[in-house]
2 protein chains.
Amino acid sequence: MSSTRDSAAAAGTPPPGSTQERLVISTQELLWERGYVGTSPKAILQRAGVGQGSMYHHFAGKSDLALAAIRRTADDMRAAAEEIFSAPGTAYDRVAAYLLRERQVLRGCPIGRMTQDRDVVQDPELRAPLDEMFGWLRHRIAEVLAEGQRHGELSDALDPSAVAASVAAVVQGGYVLARAAEDPAPFDAAVHGLLALLAAQTTPAP
Amino acid sequence: MSSTRDSAAAAGTPPPGSTQERLVISTQELLWERGYVGTSPKAILQRAGVGQGSMYHHFAGKSDLALAAIRRTADDMRAAAEEIFSAPGTAYDRVAAYLLRERQVLRGCPIGRMTQDRDVVQDPELRAPLDEMFGWLRHRIAEVLAEGQRHGELSDALDPSAVAASVAAVVQGGYVLARAAEDPAPFDAAVHGLLALLAAQTTPAP
DNA sequence: GTCTATATACCGATAGAC
DNA sequence: GTCTATCGGTATATAGAC
């Protein structure tokens, strides 16, 4: 008894190097590489270097462990994006910085990938972190754009939340195009196409 | 002997209602719903209503059947898109028609989905139809945009192939956002955001 | 051509020793 | 807490009867 697992995936960040931590990290990696359906508990255990029993001691099962891993990944992504959006600069600059930042294009988006996994999307608990992450992202980009409009940097004719959705979609769709081509070029093309359209809506500093 | 399977998935369209045809259609449906990893031969057979032996008579195995199904789906999608792009109207009209056409947004793109499947992307034969389909799509949209520029409908400042990639990416990324939210609204927002940006680049008829 | 039977491996989870 | 042993079920493919 005395299972650590009462709150299961709900637990905060476990100590670094701990068994839980290694399990979560292994799961994050495997979900990114193979998706939910393609990730087996066995593969997670092997990568983490622990036995079967450890996993079921700390987590209720595959989906519980996946939930912890997905939450962690979503939180990390949000933090990284927020750093860019809260930086100084015009709205265009910050959106451009987000679109142009270093990405492992051919690996795709670890959160976006989950939306293609039936078992994830159908489970409300597993889908929630995706919904929150992308909901936050679109909202945050819209805020940045609206701020640009208030500062007179950006055309008032634009609908910030629509353009924000376009920005987020171009990134996610760029990954799809790049993976189909096995080449990051279509991702870059899509980003630059959108940035050119957006640049045309900026007004030179008065 | 006398296997129909010599050319395997390479065969043209089999007779309607035939066993091969039912197998291909079932596979198309299941790949769309569950992806490659999530689709088992058993599930295909059950949906097609045929026995194990029939499948291995006509196809070399799961990947061979998947190849036939993916090719078929890609060909169908290309034909449907071409119908829109070759219709009369301005470049903006035709791109808008493509972006705004009826879609089963929450089901996602049957071809785009395959790019998230490790086993598909890593197999050159299975990836080829995806690459060809999206390569064609980006090229075709770029053609339409370039035509608009020649006709003086669209700003010459735009890079047609970059904007074409943005158009294709917004669709694919729109699916991702919609599935995360379990709501088609983000897809529609992304499309309208891009269309507004593009509309600003059109020149009123002289 | 189509079917059932069989084979080997892996899936996700549990039991219970240490 | 961690381990190994084990379970019933499925994945993918082959064998061989009809």
Side-chain angles (χ1 to χ4, degrees), chain A residues 1-9 11 14-24 26-27 30-31 33-69 117-120 122-123 125-126, chain B residues 1-9 11 14-24 26-27 30-31 33-69 117-120 122-123 125-126:
Chain A
M1 269 296 283
S2 95
S3 163
T4 314
R5 181 164 57 67
D6 300 305
S7 45
S18 66
T19 300
Q20 292 111 297
E21 181 70 0
R22 291 215 310 282
L23 284 167
V24 170
S26 297
T27 307
L30 284 164
L31 288 179
E33 292 170 19
R34 308 187 188 179
Y36 183 82
V37 178
T39 296
S40 68
K42 187 181 176 187
I44 293 170
L45 300 171
Q46 284 175 343
R47 185 169 297 211
V50 306
Q52 197 90 308
S54 290
M55 172 179 146
Y56 286 100
H57 175 75
H58 294 290
F59 299 93
K62 175 181 173 177
S63 71
D64 189 45
L65 181 45
L67 178 57
D117 231 308
R118 192 180 178 71
D119 292 3
V120 171
Q122 282 189 342
D123 180 334
E125 274 208 315
L126 291 177
Chain B
M1 269 294 285
S2 95
S3 162
T4 314
R5 179 165 58 66
D6 299 304
S7 45
S18 66
T19 300
Q20 291 111 301
E21 182 69 1
R22 292 214 309 284
L23 284 167
V24 170
S26 297
T27 307
L30 284 164
L31 287 179
E33 292 170 19
R34 309 187 188 178
Y36 183 81
V37 178
T39 297
S40 68
K42 188 180 176 186
I44 294 170
L45 300 171
Q46 285 175 341
R47 184 169 300 211
V50 306
Q52 197 90 308
S54 289
M55 173 180 145
Y56 287 100
H57 175 76
H58 294 291
F59 298 93
K62 175 180 173 176
S63 71
D64 190 45
L65 181 45
L67 179 57
D117 232 309
R118 192 177 177 74
D119 292 1
V120 171
Q122 282 188 342
D123 180 332
E125 274 207 314
L126 291 177

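In what follows, every chain begins at residue 1, and chains take the letters A, B, ... in the order their sequences are listed. Hydrogens, waters and symmetry mates play no part in the numbers below; they use all other heavy atoms, side chains included.
- B:H57 places its NE2 atom 13 Å from the C1' atom of C:dC3, with the value rounded to the nearest Å.
- Atom CD1 in B:I44 sits roughly 16 Å away from atom P in C:dT2 (whole-Å rounding).
- Atom-to-atom, CE of B:M55 to P of C:dG1 comes out at 17 Å; the value is rounded to the nearest Å.
- Atom pair B:Q46:CD and D:dT12:C1' shows a separation of 14 Å (rounding to whole Å applied).
- With hydrogens and angles disregarded, a donor-acceptor distance shorter than 3.5 Å links the side chain of A:R22 to the backbone of A:G17.
- Both the sub-6.0 Å distance and the 45° axial angle are not jointly satisfied by A:K62 relative to the ring of A:Y56.
- No contact: B:S18 has no heavy atom under 4.0 Å from any strand.
- In this structure, A:K62 places its NZ atom 15 Å from P of C:dT14, rounding to the nearest Å.
- Within the 4.0 Å cut-off from OP1 or OP2 of C:dC11, at least one side-chain nitrogen or oxygen of A:S40 is found.
- Look at CZ on B:F59: it is 11 Å from P on C:dT2, rounded to the nearest Å.
- Taking only side-chain atoms of A:Q52, from C-beta outward, the nucleotide of D:dT4, D:dT14, D:dC3 with the closest atom is D:dT4.
- Between C:dT2, D:dT2, C:dC10, one nucleotide has an atom nearer to the side chain of A:K42 than all others, and that is C:dC10.
- For B:D117 (side chain) and B:Y36 (main-chain N/O), a donor-acceptor pair under 3.5 Å exists by modelled atom type.
- Between the side chain of B:T39 and the main chain of B:L30, a donor-acceptor pair closer than 3.5 Å is present.
- For D:dT2, the OP1/OP2 oxygens have a side-chain nitrogen or oxygen of A:T19 closer than 4.0 Å.
- Atom CG of A:L45 is separated from atom P of C:dC11 by 11 Å (rounded to the nearest Å).
- Straight-line distance from the CG atom of A:L23 to the C1' atom of D:dT2: 11 Å, rounded to whole Å.
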